[in-house]
> 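Quick one: the structure is below, and I'll ask about it shortly.
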Protein chains: 2
Amino acid sequence: MQDHEQIFSRFLAKKGLRLTLPRKQILDAVFSLHSHFDAEQLFDVLRIRNAEVSLATVYRTLPLLLESGLIQHSMRQESRDIYEHIFGHPRHLHWICRQCGSVSETSLDNIMPFLERAAQEQHFELEDFSLNLMGLCWRCKNENRNQ
Amino acid sequence: MQDHEQIFSRFLAKKGLRLTLPRKQILDAVFSLHSHFDAEQLFDVLRIRNAEVSLATVYRTLPLLLESGLIQHSMRQESRDIYEHIFGHPRHLHWICRQCGSVSETSLDNIMPFLERAAQEQHFELEDFSLNLMGLCWRCKNENRNQ
DNA sequence: TCCTTGTTGAGAATGAATCTCATATATTTA
DNA sequence: TAAATATATGAGATTCATTCTCAACAAGGA
Ligand SMILES: [Mn+2]
Ligand SMILES: [Mn+2]
Ligand SMILES: [Zn+2]
Ligand SMILES: [Zn+2]
């Protein structure tokens with residue numbers, strides 16, 4: 001039964017780094033959210049929770065969380081990098097509406113085998129990937145039709 | 001037999017815009033390249049070709065080329081947006097090595113039907129998408145092993 | 001205790017991308 | 001043909017997410 005704090009702690013130890021209070025607070029904030037977030041939004045959550053963590057440390061910690069596999073970079077929107085925690089979540093792809101900006105998700109189970117086989121053929125060591133689909137959500141599609 | 005200049009010209013006309021010399025030169029430069037490029041690299045090509053086009057106009061023209069469907073946004077590397085022309089090219093995905101930065105391509109034919117079906121089920125109007133796979137290329141994988 | 005190494009916040013710096021604006025050029029109108 | 005209107009452009013300023021710098025601090029080992 002490994003929780004994310006244990007995983008992060010071990011990951012850090014392996015790199016000669018420590019699980020400090022700011023890092024712990026950032027980790028908690030990340031797992032208190034259940035949607036996509038950017039650095040600034042995460043920083044806001046920390047302020048609401050009265051965690052005294054600087055924005056610089058947020059930006060410094062995100063790469064560590066990425067490397068540990070606890071979060072993933074999901075997409076880029078309005079020139080901001082968007083993340084989400086993935087520990088215990090199934091792999092999924094993103095449908096991004098170019099008009100309203102909404103994001104919905106779909107399972108990737110049907111595609112994974114294909115990608116893994118392709119990686120093997122290439123002798124490519126797959127560590128991460130992203131599949132983002134851009135267009136119009138049904139809502140915006142209808143809205144445009146009625147005009 | 002539509003060439004890309006005709007396509008771009010018609011696209012612009014439909015928007016009440018004109019195919020000016022700078023736009024023509026940018027278009028030519030884009031199709032003179034046969035690999036991925038960012039705005040700055042495209043600007044360099046234009047300078048080498050003695051085209052007097054400003055960087056601002058390059059940045060202004062890229063969204064037009066995107067919307068016309070002649071180029072696509074391929075990925076983001078080292079905080080730069082990377083593009084490539086796609087007119088007459090098959091859809092493909094990108095294998096990106098996190099160590100050496102190399103990018104290789106693979107056909108997307110096997111995945112397209114799945115994506116199109118998924119889009120239909122969602123009533124999502126798919127306009128564009130990107131599938132980028134990150135990890136280690138075989139070269140870097142071997143290199144790391146021998147150390 | 002001393003020394004090395006890692007950590008942090010605050011604010012400065014970076015740099016790709018966007019914006020402003022004065023000046024051109026094309027197209028339409030009278 | 002001469003306004004009037006709309007679109008384009010280069011140069012340089014600006015934006016702003018992200019990264020960097022640095023001084024102060026803390027943990028752990030010798
Ligand atoms: Mn997601
Ligand atoms: Mn490509
Ligand atoms: Zn929408
Ligand atoms: Zn490589």
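Below, chain A is the first sequence line, B the second, and so on; all start at residue 1.
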> Ignoring hydrogens and angles, tell me if any N or O in the side chain of B/H92 forms a donor-acceptor pair with the backbone of B/P90 under 3.5 Å.
yes
> For B/L19 and D/dT9, give me the distance from atom CG to atom P, rounded to whole Å.
10 Å
> Quick one: A/Q25 CD to C/dT7 C1', roughly how many Å, whole number?
14 Å
> Tell me the interatomic distance from B/L21, atom CG, to D/dG10, atom P, rounded to whole angstroms.
10 Å
> With sequence neighbours excluded, give me every salt bridge (Lys or Arg N to Asp or Glu O under 4.0 Å) pair touching residues 19-43 of chain B.
B/D38-B/R80
> Please give, in whole Å, the distance from C/dA16 C1' to B/F37 CZ?
16 Å
> Please state whether the rings of B/F31 and B/H4 are parallel, tilted or perpendicular, taking 30° and 60° as the class boundaries.
parallel
> What integer distance in Å separates B/H73:NE2 from C/dA16:P?
14 Å
> Checking salt bridge (Lys or Arg N to Asp or Glu O under 4.0 Å) for the pair B/E52/B/R47: CA distance, chi angles, key distance, verdict?
CA-CA 7 Å; B/E52 295 207 352; B/R47 291 199 323 133; over 6 Å; no
> Is there a side-chain polar atom (N or O) of B/S54 under 4.0 Å from OP1 or OP2 of D/dA11?
no
> Between C1' on C/dT18 and CG on B/L66, what's the gap in Å once rounded to a whole number?
15 Å
> Using the rule side chain to side chain donor-acceptor pair (under 3.5 Å), only one of B/H73, B/H34, B/H89, B/H36 pairs with B/E84; which is it?
B/H36
> Could you run down nucleotides 13-28 of chain D 5' to 3' and tag each one B, S or - for protein heavy-atom contact under 4.0 Å?
----SBBBB-------
> Rounded to the nearest angstrom, tell me the gap between atom CZ in B/F43 and atom P in D/dG12.
12 Å
> Looking at residues at least two apart in the chain, or sitting in another chain, which of them share a salt bridge (Lys or Arg N to Asp or Glu O under 4.0 Å) with B/R91?
none
> Between B/T20 and C/dT25, is there a contact of a side-chain N or O with OP1 or OP2 at under 4.0 Å?
no
> Atom NZ of B/K15 to atom P of D/dT7: distance rounded to whole Å?
12 Å
